[in-house]
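See structure below.
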Amino acid sequence: MLTLTCPYCGIPCDETELAAGGEAHLKRFGPGASDAEFEGYMFHRENPKGVHFERWRHAYGCGKWFLAARHTVTMEVFGTYEAQSTEPPQEVRDRITARHPGWTWRDFA
Amino acid sequence: MSRYSVFAVAREAFRNHTGWQRAWRSPEPKRRYDVVIVGAGGHGLATAYYLGKNHGIRNVAVIEKGWLGGGNTGRNTTIIRSNYLQDPSAAIYEKSRALYENLSQDLNYNVMFSPRGVMMLAQTEHEVRGYRRTAQANALQGVETEFITPERVKELCPIIETRGPRYPVLGALWQPRGGTARHDAVAWGYARKCSEMGMDILQRCEVTGVTTEGGRVTGVTTTRGDIGCGKLGIVVAGHSGHLAAMAGFRLPIESVALQALVSEPIKPCMDVVVMANTVHGYMSQSDKGEMVIGGGADGYNNYTQRGSFHHIEETVRALIETFPMISRLKMLRQWGGIVDMTGDRSPILSKTPVEGIFINCGWGTGGFKAIPGSGWGFAELMAKGESPLCAAFGLERFREGRFVDESVAAGVAH
Ligand SMILES: Cc1cc2nc3c(=O)[nH]c(=O)nc-3n(C[C@H](O)[C@H](O)[C@H](O)COP(=O)(O)OP(=O)(O)OC[C@H]3O[C@@H](n4cnc5c(N)ncnc54)[C@H](O)[C@@H]3O)c2cc1C
Ligand SMILES: [Zn+2]
């Protein structure tokens with residue numbers, strides 16, 4: 001079973017305690033955006049076979065949203081961090097780089 | 001390639017089965033093909049077959065990173081039905097179901113199509129209304145379905161507990177000509193015919209890149225060398241996003257693991273397929289006697305072909321309420337496949353931003369039933385640039401907000 005640490009409670013949670021919320025760091029587009037931008041925001045997903053950034057909610061705990069960096073093949077978790085972050089913290093990126101040199105995800109590396 | 005027939009079986013019986021030939025060749029890749037299909041699952045192989053059969057395009061390669069039929073085509077629970085809601089869905093799924101009726105004869109390969117009937121239980125008032133609506137829609141579409149009473153449900157499948165305390169059976173959507181087929185045989189049958197037409201099926205050959213020139217596809221790079229092509233069809237289910245990234249575009253697709261399991265074999269006890277969408281489980285009995293069970297998909301992206309354990313627990317717990325007699329059964333095997341989910345639960349059969357590249361994906365949890373119809377339509381799209389069967393399933397529908405919403409029909413994973 002997948003285990004993620006809730007960054008607010010600081011405790012490891014089984015996936016049955018959590019609700020998955022899809023891709024993280026989506027840039028929102030609204031009125032005034034081009035069709036292509038809005039389509040990208042609404043529908044297009046990275047869906048990588050590799051390092052992924054995603055949203056989770058500690059549904060049966062504190063109830064708060066947080067973000068996680070995880071590998072979609074090995075299920076290795078590189079860290080979790082608060083939902084208010086606009087980009088992954090350096091320490092999480094460093095941990096990914098140590099395991100997967102040269103990784104990229106959208107504009108992050 | 002010699003034909004399979006009762007005479008062939010008799011002839012081989014007399015010579016100790018020494019005369020059977022390989023069902024398909026294992027050729028070395030050529031430098032270039034008119035059409036390259038990535039992915040030798042059912043959809044890729046069916047596309048190649050109808051390209052040859054209906055459109056006379058035979059300089060074709062189907063490239064597969066593992067073994068043919070080893071993806072979702074060999075991992076699914078083989079339910080075939082066409083009782084969807086929207087007209088474009090009914091058209092392609094019913095075309096597919098109809099092709100299944102004669103597929104064994106067409107391919108000269110026994111795919112064991114068994115139109116034993118598919119029943120989708122209504123276990124809430126909401127579902128009753130939903131399925132009544134579907135039955136009406138199907139009547140208009142010419143798809144034979146019927147809303148049946150709980151008494152008829154019990155008659156068709158006596159092992160169902162129709163008066164359970166939590167989820168009583170209030171009726172069902174019944175498609176008498178739905179059923180199952182042998183999944184491997186579908187892939188093998190198409191592969192054999194493709195090979196017979198002179199097409200190359202290149203197994204253990206992974207596509208690692210897509211080459212383009214001036215916005216047009218020129219070929220692919222693979223673990224067995226570079227292969228040029230005039231047109232490229234990407235038909236890789238869960239790996240669609242991965243291939244699209246190689247070609248430089250993104251898709252409205254997310255890949256998750258979907259699981260199934262089978263029990264120890266028991267005596268025949270159910271001769272229809274039953275789906276219970278409210279409790280998220282479905283079951284049928286294989287010819288070997290195993291109960292074939294499927295359930296929900298993971299909630300988050302992954303490529304593990306394994307899935308989370310708690311989904312099995314949920315599925316089995318739910319099914320025991322509806323089928324109390326399975327509570328003591330031992331489960332033999334469990335497995336997972338990576339399914340490609342779209343937001344509207346409908347497939348994508350489309351041109352792409354790169355000229356010459358076509359994509360067939362998004363069948364998610366329910367594309368086995370669609371293999372012949374999808375191959376038929378997608379071959380037409382690749383050969384002629386348009387196909388009435390595929391018209392509603394283009395990528396542009398997301399931008400234009402023209403969804404083919406099948407979230408109810410696709411309710412449970414199947
Ligand atoms: C547990 C489970 C139960 C299901 N139950 C049902 C059901 O009851 N009824 C139903 O209709 N549908 C069902 N489905 C869905 C159905 O299995 C799929 O929709 C269908 O099989 C998809 O076929 P495909 O040919 O598109 O994909 P696949 O059979 O997955 O074929 C794609 C192929 O592409 C290959 N590939 C990927 N990447 C590359 C690469 N880079 N280079 C070369 N090759 C590559 C893969 O190895 C694979 O063989 C189920 C699925 C699962 C997982
Ligand atoms: Zn918490």
Item to check | Side-chain donor or acceptor of A:Arg70 paired with backbone N/O of B:Asn301 under 3.5 Å | outcome: yes

Checklist outcome for this item: Residues B:Ser308 and A:Glu15: closest non-hydrogen pair is OG-OE2, 2.7 Å

Next on the checklist: Which heavy atom of A:Ala20 sits nearest to which heavy atom of B:Gly299, and what is that distance?
Outcome noted: CB-O, 3.4 Å

Checklist outcome for this item: dist A:His44:NE2 -> B:Leu251:CG (nearest 0.5 Å) comes out at 7.0 Å

Checklist entry - Can you name the residues of residues 46-54 of chain A that have some heavy atom under 4.5 Å away from a heavy atom in chain B? => result A:Glu46, A:Asn47, A:Pro48, A:Lys49, A:His52

Checklist outcome for this item: With sequence neighbours left out, the residues meeting salt bridge (charged side-chain N to carboxylate O under 4.0 Å, His left out) with B:Glu313 are none

Checklist outcome for this item: Sorted by chain and number, sequence neighbours left out, side-chain contact (heavy atoms from CB on, under 4.5 Å) with B:Met331 holds for B:Leu261, B:Ser263, B:Ile293, B:Leu329

Next on the checklist: Does atom CZ (A:Arg99) have a neighbourhood of more than 12 heavy atoms from anything else shown, all under 6.0 Å?
Outcome noted: no

Checklist entry - Are there more than 12 heavy atoms of other residues, nucleotides or ligands under 6.0 Å from atom CD of A:Glu76? => result yes

Item to check | chain A contact via B:Phe398 - side chain, backbone, both or neither, heavy atoms under 4.5 Å | outcome: both

Item to check | Selection from A:Met42, A:Met75, A:His71, A:Glu23 maximising heavy-atom pairs under 4.5 Å formed with chain B | outcome: A:Met75

Item to check | Residues that B:Glu254 engages under salt bridge (charged side-chain N to carboxylate O under 4.0 Å, His left out), provided they are two or more places apart | outcome: none

Next on the checklist: Let me confirm one number: the CZ-CD distance from B:Arg397 to A:Glu39, rounded to the nearest 0.5 Å.
Outcome noted: 11.0 Å

Next on the checklist: For B:Arg204, is the CZ atom crowded, meaning more than 12 foreign heavy atoms sit under 6.0 Å from it?
Outcome noted: no

Checklist entry - Just how far is it from atom CZ of A:Phe43 to atom CG of B:Asp344, taken to the nearest 0.5 Å? => result 8.0 Å

Checklist entry - Top residue by heavy-atom pair count (under 4.5 Å) with chain A, among B:Ile253, B:Thr342, B:Asp298? => result B:Ile253

